[in-house]
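Report on one structure; see the data block that follows.
Residue numbers start from 1 in every chain, and the chains themselves are labelled A, B, ... in the order their sequence lines are given, proteins ahead of strands.
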Amino acid sequence: MAGKSGRTLSITQESSWKKAVFSWEGILILLFIAVNILCICISPNYNLKNVLREMPKYLTEVFLLLPMAYLLLLGEIDISVGASVCLSATMACMACNAGLPFPLVLLVGLAVGTLCGAVNGFILTRFTELPPMIVTLGTQIVFRGIAEITLGSGGSISLTNTKQFHAMAGKIGPVPYMFFVVILAAAIYMVVLGKTTFGRRVYAIGSNSLASYYAGIHVQKIRFFVFTLAGFMAGVSAIFLTSVLYGANTTTGNGFEMDAIAMAVFGGISTAGGKGKLLGAIISAFTIICLRIGLGQINMNPQVILVILGALLVLAVLLPNLAKKARSMGIMAKAA
Amino acid sequence: MSEYVLELQGITKIFPGVKALNKVRFQLRKGEIHALMGENGAGKSTFIKVITGVHKAEEGEMFLDGQKVDFRGPRDAQNAGIAAVYQHPTSYPHLTVAENIFMGHEEVKAGFIQWKQMNEKAAALLKELNADFKPTAEMGALSVAQQQMVEIAKALSTNAKIVILDEPTAALTKNESEELYRIVEKLRDSGVSIIFISHRFEDMYRLATRVTVFRDSQYIGTYDVDKITNADLIKAMVGREIKDMFPKPEVKIGSEVLKVEGLSRMGYFKDVSFTVHQGEILGLTGLVGAGRTEVVESICGVTQPDSGRVFLEGRQVQVHHPADAMKEGLILLPEDRQKEGLILSWGLGRNVTLPVISKYAKNSFTDEKKEREVSKQLLEEVDTKAISVFDLASSLSGGNQQKVVVAKALAQEMKVVIMDEPTKGVDVGAKAEIYQIMGDLALKGYAIILISSEMPEILGMSDRIVVMCNGKVSGELKRGEATQEAILELAMEKSAPVQEGVANNV
């Protein structure tokens, strides 16, 4: 019964370089360049070699950013991942000090993180009416509490044998192994999100979970999986963090979850779900890391750096709104 | 002084794409109870919202005691002495009765709420209504009937001269309704004019002296209750001759596809059984709240029934999730297409292929090119008015959005298509196109269940009609024997005044 009116639909999408440059990702790349120029100007020590040397401790947060972006796209949030990092790192250190073989030590770190994520996922998919913000606030306190109990009165643990973790922190030329792992993980996350049925379903659920459910998507299974994934990545982050710090203490991973959320939002991912690209989040992550390294090199007070980053974040979420307002005002002016 | 306490002339209200009211008029005498009747979607609620200042009419005039008024908001209407009580009380469940009554016009002295005074005043109002609860009781702890009483007290507390009751008896038991009648009559005796909206004829006969009928956003007429027969009133409410609007094809009805047996879900429906055949359109109707949507949601795995069995082509199926239903060849096109049917911020093409992305994907990688081609073909098949498959779903009119929802169903191999209110909020032209598509689907051998509150639609498209009332199947009618009167009789709760008035029409 094809098209009674003979109407046909086009299936080609216009693309132009203007659109690419003026997309949020385009603006972020310009910002990334601008930040690097700024850092080179203010700090004589700001060069590729030094940046790569200082990068590892910041890179551990990017592992959390990747699943956090998935969660935000689903319209969810997980603020317990920082505490999961702490608990995973603590357990991995204990396993290492107990003399377990190194692969088993890594497995302990990953398993503890995954378990933390699975607990969040289980609670939130079992009781779907609970807000993820509050549930993960609760588990955050629980996870960190368990870590503190495990750490005991000293509040910290140091590796007695750093050999293998030290090997993990090795480099190829000037580039640390961790950098390659981060890039590989980011690439996988981007492809999965952009090119697979799973990624499409994540966007669908974040845009309209009810319609997705009616369309036959297993919404709760996907939610559970992504929360568990966030826990697993907290485990990954914990292992790499241990390879930098040779230990763990009660403040390990403190604020990591907020940094991850900030990087994602700065990268254009909406906390309301369904909107944004992982590419933007990754560019924004490296922009923020470069800015931190540059400002750190000129011995700027870390608290001042925080103020600058916070202000930038507010500005980033404000910008699209301001642009929209300006556009609608322009339309109104034209109409009048 | 005018004869009428409230008079509206030529009221037109337009929502994007829909004329919700078309030059309607209404006259309310002082101290009368005036019933306002009409089908779902006839425009009653919109009309009430115009009176109470919630909506602003595009055209028309409104007079209070002969004086022209122009409300800019609900506050103006309230100050003018108009109060409305809704079917589902819009209260604050955690606050006390007194706080609810005086919400927005508390007893205040120098910025402080005068609790003692407020509670005393509330107690006086409640006493007037013979209420059996205290003003300090928590609202949420009251029954629906009691909450309604609070709403009426709230109306009285603003010294309302005109009180509008929007389907107040819908959620009440027989005894509670009697209590409400008593209160309403008491109000009338004290000089308040009342507009009473209800689907229940019993309410109208018991209370009203005059009745005004709306149909399809238009004013049909005002009648004296004791002079109009029930049959004439029903005809006024539903009667409309547009048979040719329904291009129902003659389809040879094939073998049984879907059989539902004794399906029950506590609090929603009980012991529902019916069958649908290949090429058949089964109309499922009843008043809003009769349990129609809840039944098909259970069939399609959106909710789980407590008991009962579902057979597909003779084989019992277990459906726990909409995905299971689709695997078996059952699809529900939900009633609220904006919330349940579509992702409005997505393009049309992606909406269409969402349920079937796995079908075209290779090793979990989506095949966007193939998807675009498939969605283009399906969207053209249902004749969607759009420019490209990338147009956002939110940019389409209601009728075209519905077509996209249908295209979504066509993307899969389905046996049974269940359409829940497919023409709700759709203008007449697009309606006819959707009926055309429905007919084409039947010709292709789909079994179709059409849920609708619109009588002409049900009568025009169905081969067979199952009527539900209060969660139960109250009757089944064949195409030949179905009339609007027969359906309404089955859909309405059985009660004495209805029985005596309805003409035997089978």
OH/Tyr268(B): more than 12 non-hydrogen atoms of other groups inside 6.0 Å: no
Criterion side chain to side chain contact (heavy atoms under 4.5 Å, CB included) on Ser364(B) and Phe198(A), from CA distance to verdict: CA-CA 7 Å; Ser364(B) 298; Phe198(A) 174 81; over 6 Å; no
Portion of Lys385(B) that has a non-hydrogen atom of chain A nearer than 4.5 angstrom: both
Heavy-atom closest contact (Lys408(B) atom, Ala211(A) atom, distance): NZ-O, 4.5 Å
Step-by-step side-chain hydrogen bond (donor to acceptor under 3.5 Å, both in side chains) determination, Arg201(A) to Ser358(B): CA-CA 10 Å; Arg201(A) 288 180 181 135; Ser358(B) 296; 2.5 Å; yes
Within-4.5 Å side-chain heavy-atom neighbours: Pro322(B) and Tyr214(A): no
Whether Lys195(A) side chain and Phe365(B) backbone form a donor-acceptor pair below 3.5 Å: no
Heavy atoms of other groups near Glu413(B) CD, more than 12 under 6.0 Å: no
Residues, nucleotides or ligands: over 12 heavy atoms within 6.0 Å of Phe122(A) CZ: no
Segment of Leu342(B) engaging chain A (4.5 angstrom heavy-atom cut-off): backbone
Option that, when pairs with chain A are counted at under 4.5 Å, heavy atom only, ranks first among Ile331(B), Leu332(B), Ile343(B), Asp324(B): Ile343(B)
Residues, nucleotides or ligands: over 12 heavy atoms within 6.0 Å of Lys275(A) NZ: no
Side-chain (Asn208(A)) to main-chain (Glu340(B)) donor-acceptor, under 3.5 angstrom: no
Exceeds 12 heavy-atom contacts within 6.0 angstrom, atom CG of Leu130(A): yes
Atom of Ala323(B), atom of Gly216(A) and distance for their closest heavy-atom approach: CB-O, 3.2 Å
Engaged part of Thr12(A) at the chain B interface, taking heavy atoms whose separation is under 4.5 Å: backbone
Side-chain heavy atoms of Arg350(B) within contact of Tyr203(A), under 4.5 Å: no
Closest non-hydrogen atom pair, Leu9(A) against Thr384(B): CD2-O, 4.4 Å
Pairwise side-chain contact, Arg200(A) with Glu368(B), heavy-atom cut-off 4.5 Å (strictly under): yes
Engaged part of Gln338(B) at the chain A interface, taking heavy atoms whose separation is under 4.5 Å: backbone
Pairwise side-chain contact, Ile217(A) with Leu354(B), heavy-atom cut-off 4.5 Å (strictly under): yes
Over 12 foreign heavy atoms within 6.0 Å of NZ, Lys277(A): no
